[in-house]
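Take a look at the structure below.
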There are 2 protein chains.
Amino acid sequence: MRKNRVMKKGLGRATLEFKRLKYFIAVAEELHFGRAAARLEMAQPPLSRQIATLEKEIGAQLFDRARSQIRLTEAGAVLLDRARDILDDLDSAYREVELIGRGGAGRLRVAFVGSATHGVLPSLIKSYRSHYPHVDLSLSSMNNAELERGLIQRDIDIAVARPSLQGDEFRSMALHHEPLILALPDNSALAGQSLPIKLADLDKETFVLYPRRPRPSFADHILKVCEGEGFTPADQIFAQDYQTAISLVSVGVGLAMVPKSVSNSPRAGVLYRSYEGNNPGTSLTVHARRDNRKPQVLQFFDIIEKYTRKRT
Amino acid sequence: MRKNRVMKKGLGRATLEFKRLKYFIAVAEELHFGRAAARLEMAQPPLSRQIATLEKEIGAQLFDRARSQIRLTEAGAVLLDRARDILDDLDSAYREVELIGRGGAGRLRVAFVGSATHGVLPSLIKSYRSHYPHVDLSLSSMNNAELERGLIQRDIDIAVARPSLQGDEFRSMALHHEPLILALPDNSALAGQSLPIKLADLDKETFVLYPRRPRPSFADHILKVCEGEGFTPADQIFAQDYQTAISLVSVGVGLAMVPKSVSNSPRAGVLYRSYEGNNPGTSLTVHARRDNRKPQVLQFFDIIEKYTRKRT
DNA sequence: ATCCGCCAATACCAACAGAGTATCATCAGA
DNA sequence: TCTGATGATACTCTGTTGGTATTGGCGGAT
């Protein structure tokens, strides 16, 4: 059965509309119902009624009605002030929200593996910023495990991972592919030799690998590369992330296999060398939750697409 | 003929109502259309529709609708913030205006003749303040001519005049009546004598009179008093206002007739003496424009009425 | 003094927005 | 696979709002 509406009528305040405030402002500025109505592109009688309703709603006289000349009361003057502010606020709120909704503003939280900072990522970010300068970009570095957790818990919007994260709930797009090279301690015997280094010869070396999780990890990838060459590194040291691994190499703990772009940024104590043998390379992949419909995310993927198409 | 409404539809933005914001806040806080509808004491379908309309109006998605759990989008989160502020502002604006409309706040501009400051006016003002502590009282001293001009030009709300202002456009109320006394230079021969002073004996004295305008002025009043005693002062000096007149007396220019309450505040060089003879006294009268419907004014008159009734 | 004109208020009507009920579609969890 | 929960859709109806016609009252002009 239909609910009783009359009951509700008793409770609630009157309707309380923006329209009324706009009307009021028009009348207050014109001090003339006829002209105000014309400005509002409406007839005068409904305008008079709306003002009367507003006065009843607030419970205060807003205009002094002398026939020849209407004047604002003090209450009306104050309301005029406040109403202007409120409508301005409302308008700017709407604009702001609309802009965020279009992806033109707001926040985009991007996280990436440390080894991405030397390659294409910086220029990709620059490209996005130039397209959407008002978006507040939050950037942070994480290993693959943290990236995955961040995406799932919605702590980040975009993850740039190496290698690709697995999961149906993620949308993914390849960003960049590059060969692997060796990172050697500069006092290593291998570093000195002028001959090309053969991967198969390194089966007795200590490999610094990172990180172990989540599977498949970059470490798994490297081990598979060695396997393809017919050996498993005799000594394996595991680091949490790429930064730590390079530090270990620089102090002579062992060698590491890293993406080529890493060699763009020299580091004391570390020499980068290419090698002969199995080199499937390594890929940076960009991920986001499929259900993340944030326009900023969609636009970020658009930028990636443009970007990669340009480079190929 | 009826104007074409369809045309107007095309132009203006959508309706833009407070209701929608309230609905939005409810849904944003509950994150559940059903519960929000219950809280708003309405059915769920119209609520869904209103939110959809709001989203169309703004042009941005406000909620992520996953079937099981709806979430605010970033745009929605910002709107929630803004909408709360706006509705708060609106509410406090309404309250403020209502209070002013009731006369509980706002401004009351009172002006008075200088000679009123010694008598009942201060305690009347105190009484008003205690009843309406949030009204901003603006007090100033003027002569009768300025009082009249101030009222007519709406620069002041209340005028306390002596004698009464004339004019149909003014509402008037007697505030206080008191006898006249003489203000004499302290080196005057009259000041020394121990016998009662007879007004009729003063026909050769210099009278300091104030002000000349507007007619009938306080000066006219004094001259009529003398006339009633059968003489016109031989020497007449005119001052702009009461303060100046007393100053002239204090430096020995002549004598003045003043309201008795003036003697409440002694002044160097001036002696106050009562006299024998015609003494119709003098009245303070309160005036306001009849068309000044400011509640503060009406309440001020109420206070006067209570006040004078108490004293009689 | 009287009339005319201007302007806000009132009366009444038509149309639309919004709230209600019934129902559907879809997804999660048993 | 079925069931329950939840938001969307379809549609009906009422109240609000805007429109036109008219009134009422004050000020200025004849």
Side-chain angles (χ1 to χ4, degrees), chain A residues 1-24 26-28 30-57 61-72 169 290-291, chain B residues 1-24 26-28 30-57 61-72 169 290-291:
Chain A
M1 211 195 84
R2 182 171 288 253
K3 263 195 204 168
N4 186 351
R5 288 199 203 173
V6 180
M7 214 180 70
K8 281 207 205 149
K9 271 297 155 62
L11 312 173
R13 258 231 237 199
T15 352
L16 209 83
E17 300 203 29
F18 284 110
K19 237 184 317 186
R20 283 200 232 290
L21 289 186
K22 278 211 235 171
Y23 291 176
F24 167 72
V27 176
E30 300 287 348
L31 289 178
H32 189 289
F33 280 76
R35 280 195 300 274
R39 194 171 110 184
L40 294 166
E41 298 183 81
M42 70 188 290
Q44 166 264 318
L47 180 57
S48 287
R49 235 187 358 215
Q50 290 293 350
I51 299 297
T53 306
L54 182 64
E55 288 182 324
K56 232 176 290 168
E57 224 173 79
Q61 198 80 2
L62 299 173
F63 293 101
D64 271 343
R65 268 91 155 175
R67 278 288 164 188
S68 56
Q69 173 69 2
I70 62 176
R71 262 190 313 276
L72 276 172
E169 68 269 41
R290 275 190 201 288
D291 66 1
Chain B
M1 210 195 84
R2 181 167 290 251
K3 263 194 205 167
N4 187 352
R5 286 200 204 174
V6 179
M7 211 180 72
K8 282 210 202 145
K9 271 294 152 64
L11 313 173
R13 261 232 234 201
T15 354
L16 208 81
E17 302 206 24
F18 284 109
K19 237 185 314 184
R20 284 201 232 289
L21 289 186
K22 280 210 236 173
Y23 291 175
F24 167 72
V27 176
E30 299 287 347
L31 289 178
H32 189 288
F33 280 76
R35 277 196 302 274
R39 193 171 112 182
L40 293 166
E41 298 183 83
M42 70 187 292
Q44 167 263 318
L47 181 56
S48 288
R49 236 186 0 218
Q50 289 292 348
I51 299 296
T53 305
L54 183 63
E55 287 181 324
K56 232 175 290 167
E57 224 174 78
Q61 198 81 0
L62 299 173
F63 293 101
D64 271 341
R65 268 91 155 176
R67 278 287 168 189
S68 56
Q69 173 69 2
I70 63 176
R71 261 190 314 277
L72 275 172
E169 69 268 42
R290 274 189 201 288
D291 66 1

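Throughout, a chain's letter reflects where its sequence line sits, starting with A, and its residues are numbered from 1. Hydrogens, waters and symmetry mates play no part in the numbers below; they use all other heavy atoms, side chains included.
Nucleotide C:dG18 holds its P atom 9 Å from the CD atom of B:Glu57, rounded to whole Å. Taking atom CD of A:Gln44 as the reference point, atom C1' of C:dA8 lies 5 Å away to the nearest angstrom. Rounding to whole angstrom units, CG of residue A:Leu31 and P of C:dC6 are separated by 20 Å. Between A:Leu47 atom CG and D:dT20 atom C1' the separation is 16 Å, expressed in whole Å. Rounded to whole Å, the distance from CG on B:Leu54 to P on D:dA8 is 13 Å. One atom, CG of A:Leu62, and another, C1' of C:dA8, lie 16 Å apart when rounded to the nearest Å. When rounded to the nearest whole Å, the span between CD1 of B:Ile51 and P of D:dT9 equals 14 Å. Note: CD (B:Gln69) to P (D:dT6) measures 10 Å, nearest angstrom.
In the set C:dG20, D:dT17, D:dT20, the nucleotide with an atom closest to the side chain of A:Arg20 is D:dT17. Checked against D:dG7, D:dG18, C:dA8, the side chain of A:Arg65 finds its nearest nucleotide in C:dA8.
OP1 or OP2 of D:dG18 lies within a sub-4.0 Å distance of a side-chain N or O belonging to A:Gln50. Remark: A:His32 is in phosphate contact with C:dA8, judged by side-chain N or O atoms under 4.0 Å from OP1 or OP2. The phosphate of C:dA19 has OP1 or OP2 within less than 4.0 Å of a side-chain N or O from B:Lys19. For C:dA9, the OP1/OP2 oxygens have a side-chain nitrogen or oxygen of A:Ser48 closer than 4.0 Å.
Summarising the geometry of B:Glu30 relative to B:Arg35, their closest heavy-atom pair is O-NH2, 3.3 Å, with the distance given to 0.1 Å.
Closest-nucleotide positions on DNA chain D for B:Gly34 and A:Pro46 were compared, and the one nearer the 5' end corresponds to B:Gly34. Checking B:Pro45 against B:Arg35, the closest nucleotide of DNA chain D that is more toward the 5' end is the one next to B:Arg35.
Residue A:Phe63 is classed as having no contact, given no heavy-atom separation below 4.0 Å to the nucleic acid.
Side chain of B:Arg20 to main chain of B:Leu54: no donor-acceptor pair is present (N/O by atom type, distance under 3.5 Å, no hydrogens or angles). The closest donor-acceptor contact from the side chain of A:Gln44 to the backbone of A:Gly34 lies at 3.5 Å or more, if one exists at all.
Side-chain atoms of B:Arg49 and base atoms of C:dA19 include a donor and an acceptor less than 3.5 Å apart.
Contact of the A:Arg71 side chain with the B:Asp291 side chain is registered, since non-hydrogen atoms from C-beta on lie closer than 4.5 Å.
Ring-plane geometry between A:Phe18 and B:Phe18 is classed as parallel, the angle between the planes falling under 30 degrees on a 0 to 90 degree scale with a further cut at 60.
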